[in-house]
Amino acid sequence: MLSNKRIQELELVMEFEKVEECFKEVSSWIENVGRKRLKETINLDDSLEMLLQAQKQFREFDLIASEYCRRGQEALKKMDRWEDFSSVDVHSYRVKLQTYKDQLEEFCTQLDEHRHRICETVRLYEFFDKVRQGICCTEEGVKS
């Protein structure tokens, strides 16, 4: 039994090394591109037109970022079996895996929050624009 468990652990290590390349690529993109682009969307412009442009640009980025999130999550799923192993030899791999998982979850959460914030801000600006237009029309009617 001990021998079988050791063989399974070695197989997991080999599998991890195959999947780790995907983790490294996703992690590198998150750090070098993803986080920078999210920071750019923190300050949204004051006009509806500029906000709609920012939303369009964010959607293009969101498609790419969501693909990286999906790839990272698929790679993590392949490693679900790691939770059953607790030997010292596997510990360093579990730590790496947890680091990748934490980074991916944090980025995906931030992406979702930015997506929601931009959408809500656009809706709010569109509402205020309609209200402003209604007030202008009412004022013109009163002057006539």
Side-chain angles (χ1 to χ4, degrees), residues 1-140:
M1 280 179 54
L2 192 58
S3 176
N4 285 344
K5 186 172 182 174
R6 182 71 179 145
I7 289 171
Q8 288 177 335
E9 288 175 355
L10 290 173
E11 288 172 351
L12 279 175
V13 169
M14 290 174 21
E15 186 178 348
F16 180 84
E17 289 173 354
K18 290 177 190 174
V19 175
E20 187 175 29
E21 197 60 39
C22 177
F23 288 140
K24 286 180 180 179
E25 182 183 340
V26 170
S27 178
S28 175
W29 185 89
I30 287 172
E31 291 304 317
N32 298 319
V33 179
R35 291 194 195 283
K36 290 177 184 175
R37 290 290 303 270
L38 282 179
K39 285 180 184 177
E40 291 171 6
T41 63
I42 289 175
N43 297 322
L44 298 173
D45 291 311
D46 290 338
S47 72
L48 179 58
E49 182 180 318
M50 295 298 289
L51 187 58
L52 289 171
Q53 180 64 29
Q55 183 184 38
K56 180 182 176 193
Q57 290 172 352
F58 180 80
R59 283 183 178 156
E60 293 167 1
F61 163 72
D62 188 28
L63 287 173
I64 295 166
S66 294
E67 177 61 22
Y68 275 96
C69 288
R70 185 192 60 76
R71 287 176 53 204
Q73 289 164 345
E74 285 178 1
L76 285 172
K77 267 188 199 170
K78 291 178 183 177
M79 298 284 98
D80 280 346
R81 296 180 4 208
W82 280 80
E83 295 175 11
D84 298 338
F85 294 92
S86 59
S87 76
V88 174
D89 296 335
V90 178
H91 179 72
S92 65
Y93 293 99
R94 291 183 68 180
V95 169
K96 283 183 185 181
L97 188 62
Q98 188 62 47
T99 301
Y100 288 130
K101 183 178 181 179
D102 293 345
Q103 180 193 37
L104 183 66
E105 286 177 359
E106 178 190 359
F107 178 76
C108 292
T109 299
Q110 288 176 351
L111 184 65
D112 288 342
E113 289 170 356
H114 277 71
R115 184 185 307 118
H116 179 73
R117 185 172 65 88
I118 288 174
C119 182
E120 289 301 308
T121 304
V122 166
R123 288 180 49 201
L124 187 62
Y125 270 69
E126 288 172 338
F127 172 76
F128 284 136
D129 195 49
K130 287 178 184 178
V131 169
R132 185 185 54 77
Q133 289 174 359
I135 291 171
C136 290
C137 291
T138 303
E139 286 177 353
E140 286 177 14

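- Looking at Glu67 and Arg70, a side-chain N of the basic residue comes within less than 4.0 Å of a carboxylate O on the acidic one, giving a salt bridge.
- Around the CD atom of Glu17, the shell of radius 6.0 Å holds more than 12 heavy atoms that belong to other residues, nucleotides or ligands.
- Counting only heavy atoms from C-beta outward, the side chains of Lys56 and Glu60 approach each other to under 4.5 Å.
- From Glu113, atom CD reaches atom SG of Cys108 across 11.5 Å, with rounding to the nearest 0.5 Å.
- Taking both residues in full, the closest heavy atoms of Leu104 and Gly72 are given as CD2-C, 3.4 Å, listed atom of the first, atom of the second, then distance.
- The residues Asp129 and Arg132 are annotated as salt-bridged, a charged nitrogen and a carboxylate oxygen being separated by less than 4.0 angstrom.
- In this structure, Glu74 does not pair ionically with Lys77, as no charged nitrogen and carboxylate oxygen lie closer than 4.0 Å.
- Between Trp29 and Tyr68, the ring-plane angle classifies as parallel under the 30° and 60° cut-offs.
- The structure places CD of Gln73 at 10.5 Å from NZ of Lys101, a figure rounded to the nearest 0.5 Å.
- Side-chain atoms of Thr99 come within 3.5 Å of backbone atoms of Val95 as a donor-acceptor pair (strictly under, hydrogens ignored).
- Electrostatic pairing of Arg117 and Glu120 does not count as a salt bridge here, judged by no charged N lying under 4.0 Å from a carboxylate O.
- Side chain of Thr41 to backbone of Leu38: a donor-acceptor contact under 3.5 angstrom is found.
- By the 4.5 Å heavy-atom criterion applied to side chains, Glu40 and Phe58 are not counted as neighbours.
- Interatomic distance, CD of Glu31 versus CZ of Phe107, reported as 9.5 Å (0.5 Å rounding).
- Considering OG of Ser27 and NZ of Lys96, their distance stands at 12.0 Å, rounded to 0.5 Å.
- Side-chain contact check for Arg71 versus Glu25: some heavy-atom pair is nearer than 4.5 Å.
- At a threshold of 4.0 Å, the pair Glu106-Arg35 counts as salt-bridged, since one of the basic side-chain nitrogens sits closer than that to a carboxylate oxygen.
- For the pair Leu76/Leu97, a side-chain contact is recorded, criterion being any heavy-atom separation below 4.5 Å from C-beta on.
- Under the 30°/60° scheme for interplanar angles, the aromatic rings of Phe23 and Tyr100 are found to lie parallel.
- Between Asp62 and the options Gln55, Gln57, Arg115, His114, a side chain to side chain donor-acceptor pair (under 3.5 Å) holds for only Arg115.
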